[in-house]
Amino acid sequence: MLRTRLCDVLGVELPVIGAPYGPYEQVELAAAVCRAGALGSLGTAVRPLADLRRQWARMRELTDRPFAVNHTLRPLNEEAFRATLEERPAAISFHLGVPGDLVARAHDAGIRWIQQVMDVRQAEQAVRAGADVIVAQGGEAGGQGGEVATMVLVPQVVDIAGDIPVVAAGGIADGRGLAAALALGAQGVALGTRLLASAEMNIAEEWKNRIVAAEARDTIKLAHSDRFMPPFSRPDAYGLPRSLRTPFLEEAEEHPERVRPAEAGPRIVEAMLSGHGHEFLPFTGQSAALVHDILPAAEIVRGIVEGAEAILRRTADACTRGAPR
């Protein structure tokens with residue numbers, strides 16, 4: 001099947017990364033992605049360290065293949081980061097800022113660094129910091145992200161990255177997205193929203209069904225998320241979340257002054273940890289418009305790769321037939 005330099009760097013068979021989902025339980029999904037030949041990921045945000053250790057142990061029971069553990073500057077849990085270094089996953093993924101000091105600590109522990117970027121400035125920082133893989137995440141993506149569209153951002157990051165493999169993220173949910181990413185110079189893709197609607201992902205069925213039913217404009221960027229989400233740990237961190245609408249979010253966006261951070265923040269964290277986060281913040285990207293069913297993760301991953309292969313073959317054949325003789 002399709003193989004790129006990204007596969008060699010990460011030690012996987014397919015040029016696909018499963019996105020992390022912050023505090024949400026995703027061990028079964030990540031393991032299924034790994035078994036399919038791609039790179040599964042586990043989030044850490046706002047999870048107690050005991051929970052994280054349990055997840056890591058369970059992950060190693062389910063697969064011996066490489067996986068990534070994600071950290072973020074909203075917020076950075078230093079205790080959890082130290083524990084991740086001790087756990088030694090194949091890679092640490094990171095977003096919302098480029099912390100060169102943390103990159104160095106990961107490399108000292110023999111761990112690859114996957115750096116997500118939202119603009120050219122962050123891509124330049126990632127190169128200087130020594131990132132092993134750079135994920136160029138377009139503004140279409142769900143969860144925390146920037147504003148630049150994937151089709152614009154990816155080729156810019158490819159030009160900056162040099163020999164560092166670039167992964168495209170945001171708006172990708174099928175083989176056409178992977179084929180387009182490769183045409184832009186990327187070495188693979190990261191899947192977020194598409195894998196939320198998978199059989200193994202441990203979120204409410206209501207959320208999955210909303211993704212299947214959604215149109216692109218059903219997702220919104222949240223301009224006032226600072227009033228109810230954890231603060232950024234460092235001053236250069238930034239990013240606005242994208243989510244499906246909920247009554248809470250519509251009220252918060254229309255009347256942010258009515259949201260009391262001291263009350264709303266803890267209430268949302270509690271809901272996320274207890275499986276009710278979708279009632280407040282069902283993070284979802286615009287690629288929901290391309291998601292029409294809930295499938296096993298392996299079927300999703302391999303279907304995207306096979307679809308891209310078929311597209312690339314047809315394109316090559318068409319170019320050959322149309323070439324002057």
Side-chain angles (χ1 to χ4, degrees), residues 6 9 17 19-22 41 43 45 68 70-76 91-104 106 112-173 177-178 180-193 216 219-226 229-243 283-287:
L6 176 73
V9 171
I17 296 175
Y21 301 109
S41 301
N70 177 260
H71 288 272
T72 170
L73 288 179
R74 192 171 204 176
L76 175 66
I92 290 175
S93 63
F94 205 93
H95 67 290
L96 302 183
V98 185
D101 56 321
L102 302 186
V103 178
R112 296 283 194 181
W113 190 270
I114 301 171
Q115 179 64 54
Q116 180 174 296
V117 304
M118 298 177 283
D119 57 29
V120 168
R121 179 182 65 87
Q122 284 193 335
E124 292 170 342
Q125 291 174 338
V127 171
R128 291 195 297 270
D132 299 291
V133 175
I134 300 177
V135 178
Q137 186 199 46
E140 303 97 318
Q144 299 282 339
E147 298 294 333
V148 183
T150 302
M151 285 287 289
V152 175
L153 181 61
V154 170
Q156 288 184 296
V157 176
V158 168
D159 289 343
I160 292 167
D163 293 333
I164 302 171
V166 173
V167 173
I172 297 166
L178 174 53
L182 296 174
L184 293 174
Q187 298 290 310
V189 295
L191 304 176
T193 298
T219 70
I220 54 173
K221 279 283 193 180
L222 307 176
H224 301 290
S225 60
D226 284 349
M229 290 191 68
F232 294 107
S233 301
R234 300 190 183 188
D236 62 340
Y238 73 99
L240 294 177
R242 181 183 291 279
S243 172
F283 293 138
T284 302
Q286 289 182 332
S287 65

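Being a predicted model, the structure only gives us computed values, none of them experimental.
At a threshold of 4.5 Å between non-hydrogen side-chain atoms, the residues P75 and M229 do not count as touching. A 4.5 Å side-chain heavy-atom check between F94 and L76 finds at least one atom pair inside the cut-off.
One distance of note links OG of S93 with NE2 of H71; it measures 8.5 Å at 0.5 Å rounding. Atoms CD and OH, on Q122 and Y238 in that order, are 4.0 Å from each other to the nearest 0.5 Å. F283 contributes atom CZ, which lies 7.5 Å from atom CG of L222 (distance to the nearest 0.5 angstrom).
The list of salt bridge (charged side-chain N to carboxylate O under 4.0 Å, His left out) pairs with a residue in residues 152-162, not counting sequence neighbours, is empty.
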Audit row: M118, L96, side-chain contact (heavy atoms from CB on, under 4.5 Å) steps and yes/no: CA-CA 8 Å; M118 298 177 283; L96 302 183; 4.2 Å; yes

Output, in order, the C-alpha distance, side-chain angles, deciding distance and verdict of side-chain contact (heavy atoms from CB on, under 4.5 Å) for V127 and E124. CA-CA 5 Å; V127 171; E124 292 170 342; 5.9 Å; no

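For T219 (side chain) and R242 (main-chain N/O), no donor-acceptor pair under 3.5 Å exists by modelled atom type.
Residues forming a salt bridge (charged side-chain N to carboxylate O under 4.0 Å, His left out) with D101 (at least two apart in sequence, or on another chain): R234. By the side-chain contact (heavy atoms from CB on, under 4.5 Å) test, A173 is found to be paired with R194, S287, L290, V291, residues two or more places apart in sequence or in another chain being considered.
Listed here is the closest heavy atom pair of A169 and T150: O-OG1, 3.1 Å. When all heavy atoms of L182 and G188 are compared, the closest pair comes out as CD2-N, 4.2 Å. Scanning all heavy atoms of the two residues, the minimum distance from L240 to S225 falls at CD2-OG, 4.1 Å.
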